[in-house]
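Below: the structure, in structure tokens.
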Amino acid sequence: LRGRGILASPEVRDVAALLGFLTDPRNPLHVAACLRGPAVGLSDATLVRLALGRGKLDARVLAGALPPEALPGESERWACFVAVARRLRAGLDRRSLVDLLEDAWAALDTRTVFAASPHGEEQLGNLDVVRQLAARWDARGRPDPAAFARRLVELADRDPRIDVEEVEDARAGPAVQLLTVHAAKGL
């Protein structure tokens, strides 16, 4: 868990940011997190130029192009994200949360990006936990992506030990839970 609870991991926070952006594109934190995260991967310099050029960082930035100083590859990722975000927002109220997440992850190639990272297996496992939690959320008749995003953030901000307890129900099969005790004397 790289020192965090499952739900406090960057990839889970990225999911919350994406859902937050899709449901409230005026929130500059959601916009910045999406554009800086693995879906788009804008550099800090490009993100600042984008915000300064528009005077504000909200969904209106999607209407324009990136600044000419953007790094190689950023324009292509930007164009993909803009197209995907528009499509997802258009059908937001007509689909399940799981379907929305799976569609976003496939369109943005999220699983491939994480699989290629040093902690890829763990990150993919964390996405699976989010998917399982979303399926439970859908089964309860609450496919509200904004509420689910807020819940993910709430859980992430709690004690990491609680995060593990929260996701145990979402795990489908038998599991082994490991505990390490650091600097324990006399054991």
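- E76 pairs by the salt bridge (charged side-chain N to carboxylate O under 4.0 Å, His left out) definition with nothing, not counting sequence neighbours.
- Both V84 and V82 belong to a single network of hydrophobic side chains, linked directly or stepwise wherever heavy atoms of I, L, V, M, F, W or Y lie under 4.5 Å apart.
- Taken together through direct or relayed side-chain contacts under 4.5 Å among Ile, Leu, Val, Met, Phe, Trp and Tyr, L18 and V153 form parts of separate hydrophobic clusters.
- Looking at E121 and F114, their side chains never come closer than 4.5 Å, going by heavy atoms from C-beta outward.
- For W78, the ring pair (Phe, Tyr, Trp, His ring centres under 6.0 Å) test picks out no residue, with sequence neighbours left out.
- For the pair L47/L57, a side-chain contact is recorded, criterion being any heavy-atom separation below 4.5 Å from C-beta on.
- For A79, there are no side-chain contact (heavy atoms from CB on, under 4.5 Å) partners two or more places apart in sequence or in a different chain.
- Within the 4.5 Å cutoff, the side chain of S9 has no heavy atoms near those of the Q123 side chain.
- Applying the salt bridge (charged side-chain N to carboxylate O under 4.0 Å, His left out) criterion to R150, with sequence neighbours excluded, gives no partner residue.
- The shortest distance between side-chain heavy atoms of P145 and L100 falls below 4.5 Å.
- Among all heavy-atom pairs drawn from L50 and A65, the shortest one is CD1-O, 4.2 Å.
- Shown here are the side-chain hydrogen bond (donor to acceptor under 3.5 Å, both in side chains) partners of R77, two or more places apart in sequence or in another chain: there are none.
- Residue pairs that meet the salt bridge (charged side-chain N to carboxylate O under 4.0 Å, His left out) test with at least one member in residues 106-119, sequence neighbours left out, are E102-R111, R111-D128.
- Legend: residues meeting ring pair (Phe, Tyr, Trp, His ring centres under 6.0 Å) with F81, ordered by chain and number and at least two apart, are F21.
- Residues W105 and R131 meet the side-chain proximity criterion, which asks for heavy atoms closer than 4.5 Å.
- Looking at R60, its side chain never comes within 3.5 Å of a backbone N or O of K56 through a donor-acceptor pair.
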Exercise answer: donor-acceptor pairs, residues 30-40 side-chain atoms, under 3.5 Å, sequence neighbours excluded:
{"residue": "H30", "atom": "NE2", "partner": "N27", "partner atom": "ND2", "Å": "3.4"}
{"residue": "R36", "atom": "NE", "partner": "D44", "partner atom": "OD1", "Å": "2.5"}
{"residue": "R36", "atom": "NH1", "partner": "L42", "partner atom": "O", "Å": "2.9"}
{"residue": "R36", "atom": "NH2", "partner": "D44", "partner atom": "OD1", "Å": "3.4"}

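- We find the CG-CG distance between D99 and D138 to be 9.0 Å, quoted to the nearest 0.5 Å.
- Sorted by first then second residue, the side chain to side chain donor-acceptor pair (under 3.5 Å) pairs that include residues 79-89, not counting sequence neighbours, are R87-D103.
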**Request:** Given salt bridge (Lys or Arg N to Asp or Glu O under 4.0 Å), test D157 with R13 step by step and report yes or no.
**Result:** CA-CA 10 Å; D157 289 341; R13 287 189 181 268; 3.0 Å; yes

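- Going from atom CG of L19 over to atom CG of D14 covers 11.0 Å, rounded to the nearest 0.5 Å.
- To the nearest 0.5 angstrom, L97 atom CG is 8.5 Å from W137 atom CH2.
- The structure places CG of L88 at 12.0 Å from OG1 of T23, a figure rounded to the nearest 0.5 Å.
- Residues forming a side-chain contact (heavy atoms from CB on, under 4.5 Å) with A135 (at least two apart in sequence, or on another chain): V98.
- Screening T110, N126, V130, L133 for a side chain to side chain contact (heavy atoms under 4.5 Å, CB included) involving V15 leaves a single residue, V130.
- Connectivity analysis of hydrophobic side chains (ILVMFWY, heavy atoms under 4.5 Å, direct or indirect) links V48 to L52.
- Residues satisfying the side-chain hydrogen bond (donor to acceptor under 3.5 Å, both in side chains) criterion with S43, sequence neighbours excluded, are T46, E74.
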